[in-house]
Each structure stands twice: as C-alpha cells, then as structure tokens.
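Here's the structure, in structure tokens; my notes come after.
Throughout, protein chains are lettered first and strands after them, A, B, ... in sequence-line order, and every chain is numbered starting at 1. From a predicted model like this one, the values you see are computed outputs, not experimental measurements.
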Amino acid sequence: MKSKTKSTEYNHQKIEKKWQKIWKLMRVYKTSEKGKKPKCYVLDMFPYPSGTGLHVGHPRGYIASDVYARLKRMKGFNVLHPMGYDAFGLPAEQYAIAHKIHPRKAVEENIKTYRKQLDLIGFSYDWSRSVNTSDPGYYKWTQWIFLKLYSSWYNKIIEKAEPIENLIKIFEKEGNENINAACSSDARKFTAEEWKIAGNLDRQNILMQYRLAYQGFSEVNWCPQMGTVLANDEITTDANGKQVSERGGYPVEKKTLRQWFLRITAYADRLIEGLDDLIWSPHIKEIQKNWIGKSIGSDIEFSIKGRQEKIKVFTTRADTLFGVTYVVLAPECDLVKKLLPAVSNRKEVEKYIADVKSKTDEDRMSANKDKTGVILEGIKAINPANLEEVPVFVADYVLANYGTGMVMAVPAHDERDYAFAKKYNIPIKEVISGGDISKEAYIGEGKLVNSGKFDGMNNLEAIRKITAFVFGKVVTRYKMRDAVFARQRYWGEPIPLIHNADGTITPVSEKNLPLKLPNVSSYEPIGTGESPLAGVKEWVEKGYETNTMPGWAGSSWYFLRYMDPHNKTKFVGEKADKYWKQVDMYVGGAEHATGHLLYSRFWNKFLFDYGLIVEDEPFKTYKNLGMILGSDSRKMSKRWGNVINPDDVVKNVGADTLRIYESFMGPFDQEISWSTDSMIGSRRFLERVWKLQEKVVNKYSDNEEVILLLNQTIKKVGEDIESFSANTAVSSMMILSNLLEQQEKISRKTYLDFIKILSPFAPHICEEIWFRFRNRKLLVLEKWPKYDTAKLYSSKAKIVVQINGKFRTTIEVPADSLQDAVEEEALKNEQVVKWILVQKINKIIFIKNRIINFVIASQ
RNA sequence: GCCGGGAUGGCGGAAUUGGUAGACGCAAUAGACUCAAAAUCUAUCGAUCGCAAGGUCAUGAGGGUUCGAGUCCCUCUUCCGGCACCA
C-alpha cells in the first residue's frame, strides 16, 4: 500500500455527484424500527413548496439538523430524519391563479424543484418516508383527526378529551347541570327532561357548544370587488389609511361568515404546563405563554338600579372593588342594546356606537391612546361591596371579546381607568391596603396613587376573600381564542361533513375517507364569499361542507406520519409510535411560536388523550433558527433582488463549502446577513484539508501538541454539534487543520479521525478522502471517534500572573502544580519581581492551572 | 406600555460561564512566487505612548460589588422580536 496518496485537485462537482449517487444506491439513510440501538428523531420543519424555489436561507436549519443527525448516527443512534412538503394553503392557490395553472400541477412541479435542490446539498434524509399534505393518502388522516375532534368534548374533571357519546349519556341522565366541560360561553343549563324533549336540531346546537370542532360565526375580511375573503396577509393599507386588498387595491370590509372552529382553549392550561418539561429556548416558551395569556380573576355582578339585568364584570383586582367609581361596557356588548330604551341620551350613545363600528381594528387600537366614551344617562350600577351607585359608560377601550366585555373601573389603580376618569371628571378613590375585609379598611380618601401600584392586597388570598364577600366567583380566563378552522378557499383539505336538508350535520363515514378534493375547472373565487367548492354542483348536491381546512391542518400532525408513512389503516401504527415516541430534535423558524408549534402541541395532546399515541408532547427539544438575510441586510426576496440561489453556490464552490459556511457564519439562532465574500474562507479551509492528504504517512506518531489538540477537537466538535454551536465547531477544526499544516508529517489515524469529525459538515469531500485511503466501508457508516481523556490536557500549564488583578506575565509550570510551587516559580520571574518591588504581599489568589494573583496595594 | 433577546476591531463573530478580551474567518497592508495577474504561501493587523523592553486605555453610557467584570447588581441609551386599551 502506498503511504502517500497522490493528491489531485479538489473537484467538488465530481466528488459530490459521485457520492450522492452511491449513498442513494446503497440506501444508507433508510431507517427502520428494528435493532437495539437507541433512537433519535431529528426533524426539520417541512417547507411549503413555493414557485420560487429554495434560497440560500432555507437550508440553514436543514444543514444544522443534518449535521446533528449525522453525528447521532455515528454515535450509534437509529436516526429518523425525514423530509416532506406542506403543500396545501393559500400561497399555492395564489400562485395557481396568477399563473393559470392548477394548484395540484403547480405543487407537483414545485416539489420536483425542491427535491432537486435539496438533493444537491447532500442531506441525509430518508426519502422513502416523505409526505405531502395534499396527497389524498395523507389528508385522509387529517380528515380522520378532524372527525375525531368533531366527535369529542373536553371533560375538565379528568382533563381529557372524550367521545361525544359519553356526554350525550350524561345529558340523558342529568342534563348539563353538573358538567365541568370546555364549552362555548353561551351554553345554557338544561335538565335531562329538557334534553329528552329537545329536537334533533336543538340537540345538535347544544352539542356544538361542547364539540372540540364546532360550527360558529366569525368576522372575516371581505372584498366585494374580488368577491372573496382575504387573509390578513393579503391586505394592506392605502394612502388614505383605508384597508385594501394587496392585489388590486380594492376596499375591504368586515363580514360575518359561517366557520368551523377548533376548541384549542380547552387545552389552554395543559399547553402552558406542558412547556415546563420541554427543552426550548425560553423566549419561545414565553411567546406561547403570553399568547395563551392565562389570568386568574373574579366574575362579579353589579346590579342595575331599578332593573333586572346585571352587569357581570371580570376583574383580576377584586381587591380594589371599594375603589370602583364607574362601570364600562364595550360598545358591542349585548347589554347595551337592552339598556338603550331606558337611556335618556340615547341618540348620543347610538352615534358613539356607530362611530366605533366604522373604525377599523387598527384605528381603534392605534388611536393615540386617547380614551373616548359616553355615559349612559339614567343608568346606575350598584357596587356590591358598598352598595354605592356609580355611573355606567360605554367606551371602546373595553373589548367585547375579552372577559365579559364589561369592566369595573378603578381609576386609582388602573392607568386606563385613570386616564378615562381624568378626561370625564369622574371621582378617583384610592383603596387603602389593609388586612381584613371591612368596609372601612377599603374605603379611602379620593386621592390618586401611582396607577396600578397597590401592594399588600394584590394577592390571591385577598381576591378570594372579597370575591366571596360579594358572592362573586374566582375564574380563570385566557387571551387565546378558539382557532378558526375553515377557509373559503379551494386548495385545502375538504372538511368531511355533510349538511342534510333538515339542517342536521352528518360526518362522512370513516370508510369513505378520504373525501377527495374535486377536480374543478375553476378554482378562482366565485364571488359569494364561499369557497369555490360551493360552485361545484355535485359537491353541493351531496351536501358536502364547502369550507376547506386552513393551511396549518396538515402540518399539525405530520411529525407523526413520518413514523409510519405508509400505514393504510392508521395515521400511525402502534408499533412505530411506541418506537419513535416523539421528536427528539426539532429545528425551525421562531415565527411559528404561536401558530404551528401551538397547534401541533394541541393536536398531539388530543390524540394522546385517546391513547392513540404514547407521548403528550410532540417536540422534546426545539431549536429555533435565525433567518439569513441578503447581503444588504434585508429579507431575501425577489423584490430586493438580493436572493442567492443555493444551486449556484453548489455549482461554484460545492455543497460542502455551502454547508461549512452556513454552519460557520454565526450563532444558529441569530439573524445574519449573507456574505459571498466570507464564504471563500470555508472553501479555502476544505482545500487545505484536501491538501493535507500529502502529509499523511502510515507509520508515524504525532507529537504531543497534535495529539492533544486532536483529542480536544474531537471532544469539542461533538459537544458543539449537540448544542447547535456549529460555528465554534468549525472554528476549532480550522485551528486543528492549521496545526496539522505546520507539521511535516501526519499520522494516518490522526488525519482520518479529523476527517470523521469533519464529515457531518462536509460529507462528500470526507467520503472521497476516506475512500482514497482505501477504506472499504463507507465513511457515513463509521463510528464517531473516541477521544482519550488522558490526552486532553497538557503536562504543562500556562499560569497567568496578575498583580492586583492586572495581567503582568505568564509562567509555565507542570500541570496541577500547587500554590506553593507556583508562587515560588512566579516570584523568580523578573517581571513579577519588578512589579512587586519592596511592597508587602497582602493576599495571594490562586486557581489551579490558571491564575495566580498577588495583591499588594493595601486597601 | 409590558414581556423576551441583544449591543465586543473595518466586517461576521470567539471568550473555559467571574480569571491573558478580540480565538476562527473575511477584508486590508507588506513580502515571496510570477513577465504580469489570479491562486497559494509568509508576516502584520483594537486605539494610544515608546527606539525598544514595556506601559496606558478599550467589550453601547454611567455607577456599584470583587483581588479580578464583556460576564454579576443598579440606572440609562439603543436595536431586534413577541404581545398590545387583556380589565
């Protein structure tokens, strides 16, 4: 065997093509559920295959997870590393309309492009497990899960979803008097008798208030000119500040439409609690927590003088009840309508409500914080704590959709109430912090304290006491609302429900799933606000639901399908699910924190409730990545002309260089600008590694410095990959290669160990080098090298000598030397002596192998 | 406004978690090779004083704790992200 391998030029194109072909032929990335190895499920967020293809930013996360997956494989894990396509959704539909091509066709073509682009970069995906959410074989199960949600309710006593049949049995037995369930806010109490005599439609309406997928109404953005509903993304503001469609610039208004909802709020508590055990970056958890927005407060009733109706307010500060000086109702509040006839300034109030309605949400929110409102003359609310009469206002700073839409105002302790009270000259009464509940303790003089600041009583105990005192109820509320689960669009999963002529709804039976999306000639809006499916005769005749599911339906469970993608009888088989359990490492963008990441957790918990899967949480570890911006520090987009196509990079400098560069460019979770200039450094690095082949000899022992650094690097690179610090991993390998370059000879073992730890980052070049050293087995199947703990540290230690904490010089001593020895050595040093001179040493601070600090100045 | 994360050379960024600030890479400068250029190699590369040895100042600003602070504490400035009249 030749001791030196003749080095040729590093031809990345040839090498990358060659090994991609061989890996594919040998199916090295194919995974199965067999064997005794521990498992590791490494997942990327699957892309939406757009018409513009991948840009250089997309692979950043894919590269990081691929490096991780490769390391795990080499460390002996059975790795599941799949990739697929999130193919339903609005962008595909828009692309299709713009290009006059059927979305299915467009998606097919785009997927081909994506696959080609991804393949060029050399990812270690098991493509045999790929999924496409718009494939009927896939969305059959999306529909199946929807039906499961539809036929479930949430039992709050056992904190679990259950079949709706259980609920019906309870209704039959005892009505809903004692039920503790997640339900719509308008659910009323009824008895078993009432249930028995109720008609089918009544029963349906009642059940709808409990189902986890339910029908309801919501406001949408409606564009009369285009005859279609628009997503928020499709709307911009024109020069006059009016809301208009992004395409065409047509006016947009609000319209109430029939929708389907998912009762995600049922899971609010579990979605918060579940975060504790997840290894996610804290700020992502924080975003989810904020979004869910749990707050504990009290429902308290104020009676209205001389009337039957009650004003039911929600407050988190029941302890300030004695400071209430007025009550506010939201303009949309039903109670306002009921009270209007008795209001003496009725005209004024009606005008105010009309004005508010004409404002857009944005106007209302951004209206420079100036509070507006109008008093309901002739109406007085009675504070249940002290039976004081207070005025009632209608004001738009109270939102109809949070809490009860009615608020007790305590200007002394709430900034907004304070601003309002100042403007309308309402008294401001401070509540004195005190111990027991007695009127005296709470009633103070009418002077202002710093808004909102009220120590002492702001605790649950006080709130409980006073809430009980006024016969209120301590309740938990959430900001999060139920998710609208319907789109008036063509390109989505059909909702598998049938509307019968009598108004009842029947689910499509399981054996008839998938309910396939019909092939229509026109998938453009039909002008009524309904989905294009409403224009398909056979569809409507059969009574099928014309709304389709939103883009996030398919992505809410795809991680489960990868475990068992070809299962025809279940969305995931028991065996596969028990084996893979959950995603161990999930990588993707932080922008999905309140969307996909929340919905997926919700669906996963729901399926878990039924024992259909074994894990409550889908993603154990989640690493969020920062975006790659264009070299001009703007988002890469056609509009700015700053898009870099990975295909070009791969062609010019190679996939390995791209992989190294994207790993090296900066911390993974930070946004960073692309720099083609900087990339050259990564290419140079690989070329130097390539050239090192010439220095390799068979029988040679490396010097201590090389051996130490090699061992340290093996350790560091392994640890850095695990913690997603690829940038420092690459830098440490550069340091090693720099040292190896200085050597005249390198041992074969050292070089090949280096190649092994480099291979997750640059698999092609490493496989080629490995091959050139006449290894028969493929490098991708090799084990990760072990470092020798005895060879991590030098036998000598460099000690920093400080005088008064200031660096003065370094000395070299045997490793692990004790203080006395180091002291003695240090005091021999000229530099040290010079600084100490005749001054007395007050104190010596010594840290083994690191530092000795002489403190001489007296304090 | 509230919550979360940042701010380090000309640039991207390191820093053993309180212990030599600026690793590694890019750019730049000089030199070698070349007829020349590119590529490659070698050296320099925070500011400042000094012939040098070496010193002083430097991690957004200002205070503090400590033998010692980029790292911990307080105040402020500023940038990015999330939520936003949430009662």
Exercise. Rounding to the closest angstrom, what is the interatomic distance between B:rC26 and B:rC76 at atom P?
Worked result: 42 Å

For this session: Remember a base hit wins even if backbone is also touched, and classify A:Asn727 as base, sugar-phosphate or nothing at under 4.0 Å, heavy atoms.
Result: sugar-phosphate

Problem set entry | Watson-Crick or G-U wobble partner of B:rG1, both distances under 3.5 Å | B:rC83

Exercise. Are the charged groups of A:Lys294 and A:Asp269 less than 4.0 angstrom apart, N to O?
Worked result: yes

Exercise. What is the nucleic acid contact for A:Arg808, judged by heavy atoms within less than 4.0 Å: base, sugar-phosphate only, or nothing?
Worked result: sugar-phosphate

Problem set entry | Out of B:rA87, B:rC67, B:rU20, whichever nucleotide has its closest atom nearest the side chain of A:Phe807 | B:rU20

Exercise. Base, sugar-phosphate, or nothing for A:Thr728, non-hydrogen atoms under 4.0 angstrom?
Worked result: sugar-phosphate

For this session: Name the nucleic acid region contacted by A:Ile672, choosing base, sugar-phosphate or nothing; use a 4.0 angstrom heavy-atom cut-off, strictly under.
Result: sugar-phosphate

Exercise. What nucleic acid atoms does A:Arg688 come within less than 4.0 Å of, heavy atoms only: base, sugar-phosphate, or nothing?
Worked result: sugar-phosphate

For this session: Have a look at A:Pro282 and say if it touches a base, only the backbone sugar-phosphate, or nothing, with a 4.0 Å heavy-atom cut-off.
Result: nothing

For this session: Please determine, for the side chain of A:Pro667, which listed nucleotide (B:rG19, B:rU20, B:rG13) has the closest atom?
Result: B:rG13

Problem set entry | Between B:rA69 and B:rU8 - C1' atom distance, rounded Å | 14 Å

Exercise. What is the pairing partner of B:rU78, taking Watson-Crick or G-U wobble pairs with both distances under 3.5 Å in any strand?
Worked result: B:rG6

Exercise. In the structure shown, which nucleotide is the Watson-Crick or G-U wobble counterpart of B:rA53, with both distances under 3.5 Å?
Worked result: none

Exercise. Is A:Glu825 paired with A:Lys828 through a side-chain N to carboxylate O contact shorter than 4.0 Å?
Worked result: yes

Exercise. Between B:rC3, B:rA23, B:rU20, which nucleotide gets closest to the side-chain atoms of A:Lys798?
Worked result: B:rU20

Problem set entry | Donor-acceptor contact present, side-chain A:Arg477 to main-chain A:Tyr402, <3.5 Å | no

Exercise. Any N or O donor-acceptor pair linking the side chain of A:Lys371 to the base of B:rC85 at under 3.5 Å?
Worked result: yes

Exercise. Does A:Asn849 put a side-chain nitrogen or oxygen below 4.0 Å from OP1 or OP2 of B:rU16?
Worked result: no

Exercise. When rounded to the nearest Å, what value does the distance between P atoms of B:rA21 and B:rG46 take?
Worked result: 14 Å

Exercise. Which whole number of Å gives the distance between the C1' atom of B:rA27 and that of B:rC35?
Worked result: 29 Å

Exercise. Does OP1 or OP2 of B:rA27 have a side-chain N or O of A:Arg684 closer than 4.0 Å?
Worked result: yes

For this session: Respond yes when some side-chain nitrogen or oxygen of A:Gln670 is under 4.0 Å from OP1 or OP2 of B:rG13, and no when none is.
Result: yes

Problem set entry | 5′-ward residue of the pair A:Glu687/A:Tyr402 relative to RNA chain B | A:Glu687

Problem set entry | A:Asn853 side-chain N/O to A:Gly805 backbone N/O, donor-acceptor pair under 3.5 Å | yes

For this session: Nearest-nucleotide wise, let me know which of A:Gly681 and A:Ile803 is further upstream toward the 5' end of RNA chain B.
Result: A:Gly681

Exercise. When rounded to the nearest Å, what value does the distance between P atoms of B:rC33 and B:rG54 take?
Worked result: 33 Å

Exercise. Do the side-chain N or O atoms of A:Lys806 get closer than 4.0 angstrom to the phosphate oxygens (OP1, OP2) of B:rC57?
Worked result: yes

Exercise. Say you pick atom C1' in B:rG18 and the same atom in B:rU71; how far apart are they, in whole Å?
Worked result: 7 Å

Problem set entry | Any N/O donor-acceptor pair, A:Glu671 side-chain to B:rG81 base, under 3.5 Å | no

Exercise. If we call it a pair only when both distances are under 3.5 Å in a Watson-Crick or G-U wobble match, what pairs with B:rA39?
Worked result: none

Problem set entry | Distance between P atoms of B:rC85 and B:rC2 (Å, rounded) | 15 Å

Exercise. What nucleic acid atoms does A:Asp669 come within less than 4.0 Å of, heavy atoms only: base, sugar-phosphate, or nothing?
Worked result: nothing

For this session: Identify the nucleotide, in any strand shown, that forms a Watson-Crick or G-U wobble pair with B:rC33, with both distances under 3.5 Å; if there is none, say none.
Result: none

Exercise. Would you call the rings of A:Tyr661 and A:Trp674 parallel, tilted or perpendicular if under 30° counts as parallel and over 60° as perpendicular?
Worked result: perpendicular

Exercise. Contact class for A:Ile851 (heavy atom, under 4.0 Å): base, sugar-phosphate, or nothing?
Worked result: base

For this session: Using a 4.0 Å heavy-atom cut-off across all strands, classify A:Gln802 as base, sugar-phosphate, or nothing.
Result: base

Exercise. Counting side-chain heavy atoms from CB outward, which of B:rA87, B:rG19, B:rG25 is closest to A:Arg416?
Worked result: B:rA87

Exercise. Is any NZ, NE, NH1 or NH2 atom of the basic residue among A:Glu687 and A:Lys691 found under 4.0 Å from an Asp or Glu carboxylate oxygen of the other?
Worked result: no

Problem set entry | Nearest listed nucleotide, side chain of A:Arg850, among B:rA87, B:rG19, B:rG12 | B:rG19

Problem set entry | Partner nucleotide, any strand, of B:rA28 [Watson-Crick/G-U, under 3.5 Å] | B:rU44

Exercise. Does the side chain of A:Ser673 pick up a donor-acceptor pair with the side chain of A:Ser633 at under 3.5 Å?
Worked result: yes

Exercise. How would you label the contact of A:Ile287 with the nucleic acid (heavy atoms, under 4.0 Å): base, sugar-phosphate, or nothing?
Worked result: sugar-phosphate

Exercise. Looking only at atom P, what distance separates B:rA61 and B:rU78, rounded to whole Å?
Worked result: 15 Å

Exercise. Heavy atoms under 4.0 Å, any strand shown: does A:Ile844 hit a base, just sugar-phosphate, or nothing?
Worked result: nothing

For this session: Give A:Glu591 one of three labels, base, sugar-phosphate or nothing, depending on what nucleic acid heavy atoms sit under 4.0 Å from its own.
Result: nothing

